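Shown next, in structure tokens, is the structure this report addresses.
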Amino acid sequence: MHHSVSCLSYTWSFSRSSDGPTEPRMRNPSLIKEEFLKRWIIALRRCTSLKKNMNILERNKVVKLSADLAMASARNGTTSWSRALIANATRDNDNRILAEQILGPESEILVKRVSTMPFKTCNRRKIRSKRILKRSCSSAIRRVRKTVPRKVLANCIAKRLIQKRTHILKSLVPGGEFMDETTLMEETLDYIAYLRVQVDVMRSCTYC
Amino acid sequence: MEPNLGTIVRSISIGPNREETGLESLQFREEIHRLMTVPPENGSSFTELLQLPETQAMELLHSAHSDEVVPVPLSGEPLHGINDDHKSYLPSFNGNLTFPSNKVLIERAAKFSVFASGEHSPETSSVPSDSSANLEKVKSEPAETDSNPNSSQLLVSDPAVNIKNQRSEKRKEREKKGKGCTKKSKIEISQDAEKLPYVHVRARRGQATDSHSLAERARREKINARMKLLQELVPGCSKTFAMQISGTALVLDEIINHVQSLQRQVELLSMRLATVNPRVDFNLDSLFAPESGSLADSNFHSMVSPLLWPEIPFNGNRQQHQQQWNFDALHRPLWGREEDNHTFITMENSLLNYESANSASLHSNQLKMEL
């Protein structure tokens, strides 16, 4: 637990001091927890003020959504995954009203900032270029398998493993499909820290 | 040409072995013409290649950011394939026929390229410079594609460039060993002596891309630094070397497992919370008021414990809160201050009506002020 806390503080200080965004960030994980808990409670209360007596699924959804939005608003749009979370939350119309209520008065600013980020601009181009690449590379691939030295083969297997895993990681981190590798690493760091905070807070909530 | 080559050769020999020599796409065709009698690769030469193709893969991942991952495995294939292709075809020089896919890509890159010059006959010179410019552009704007034509052109030209890069990378490796700047080069020095005239050719490519290689190295080091951070953050991951490819793959695997497990935990806990609390309302914002920055975990736990009074009606809530708070005040001198308790209780009375979101925001404002 303390190891994780120290790691959290270390990573946050390191990544922010090197070349991260210029906004000041909290270096203390307990501060992060406090902030998260506060925002989360506020968000939950806003939700329940909207609608009482929800069934369990709705509560589950509300809990998760409010937690997500709480942390994302704590980041205030500085990290990509937070923007992605807010964008996802506000995309479906049924969630949108709820999300905006949760975010509260500053929601319009956040949503505006989120939507102005060049987020999902290249889907169609990706698909088209993928097809082009497939066509062009397939002919090259067919000629390949003559003399494949084992080390190069192992190397390429390892490369493909890395690519596969990077792909999986991109699907895990919200908003991760559109990042390059460097920002993906940063976002993963931040996202892991957020997940840890969330788990700790929720665990202490349930077990007390 | 000679002094340039001399400088380039020096710079290459100085740099570490696992350089991204980047985008040596400039005189690729010339090289094919000249390297008709390339000796077959030895086993020891691939230890160098292990480094560079990895960086090429990373570069692919980086440069293909606008079209993220699906073409990357595809380009992984042709990278590998065209290497062998190149080796097998070189002795029988079919330079023009060898890489039709590459030519197709080059032509496409030339077509799509904003920077493409008018003539396409000096394709080798124009397109590689275009693609190197493109890749430079990619590096300068790593996270954004500023316009769609740029993204498409980058997309198409990058695999072409990278394919060429890899092939030239391998030859560059041989050349490096010929210069004796690598650790394992002692055997190949004699063999590479005959390649010395080719050294100049390749060296010239290295010169034009030196800034690129520096940027590549910087990016690569950034990625590795962050991988190391992630390694420390994810438990049970500290022993693998992040520098090798296999190390990187393992670290990535650990990271993925960790993220997945954390997400699953969050799901579980939120379900539990949803079941435990028939009313999802917590009335302990006043919890935050006395907290200083240094919050130990035990304190946090005990502070959160008053959170859970969901089933108790408000009046009973208040009473028990008072008791709980006094109790906690006794036990934890950090924030146990009597006057604060009183203020909490008074605040709580105002906090206890949940009818309007406005009141909630008001309370939050009060809390913030108090903080």
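Below, chain A is the first sequence line, B the second, and so on; all start at residue 1. Predicted model only: the values in this text are computed from it and were never measured. Values below: all heavy atoms of this structure, side chains included; hydrogens, waters and symmetry mates excluded.
- Here B:Asp253 contributes atom CG and A:Ile162 contributes atom CD1; the two are 11.0 Å apart, rounded to the nearest 0.5 Å.
- Distance check: B:Ile255 CD1 to A:Leu189 CG gives 8.0 Å after rounding to the nearest 0.5 Å.
- Between the CG atom in B:Leu252 and the NZ atom in A:Lys164 there is a gap of 13.0 Å [rounded to 0.5 Å].
- Listed by chain and residue number, A:Tyr191 satisfy the side-chain hydrogen bond (donor to acceptor under 3.5 Å, both in side chains) test with B:Gln263 (two or more places apart in sequence, or in another chain).
- Within the 4.5 Å cutoff, the side chain of A:Met202 has no heavy atoms near those of the B:Gln265 side chain.
- Each of A:Ile192, A:Leu195, A:Thr188 was evaluated against B:His258; a single residue qualifies, A:Ile192, per the side-chain contact (heavy atoms from CB on, under 4.5 Å) test.
- For the atom pair OG (A:Ser171) and CD1 (B:Ile256), the distance works out to 7.5 Å, reported to the nearest 0.5 Å.
- Here the CD atom belonging to B:Gln260 is positioned 7.0 Å from the CD1 atom belonging to A:Ile168, to the nearest 0.5 angstrom.
- Tested against B:Leu269 for a side-chain contact (heavy atoms from CB on, under 4.5 Å), the candidates A:Asp200, A:Val201, A:Val199 yield a single pass: A:Val199.
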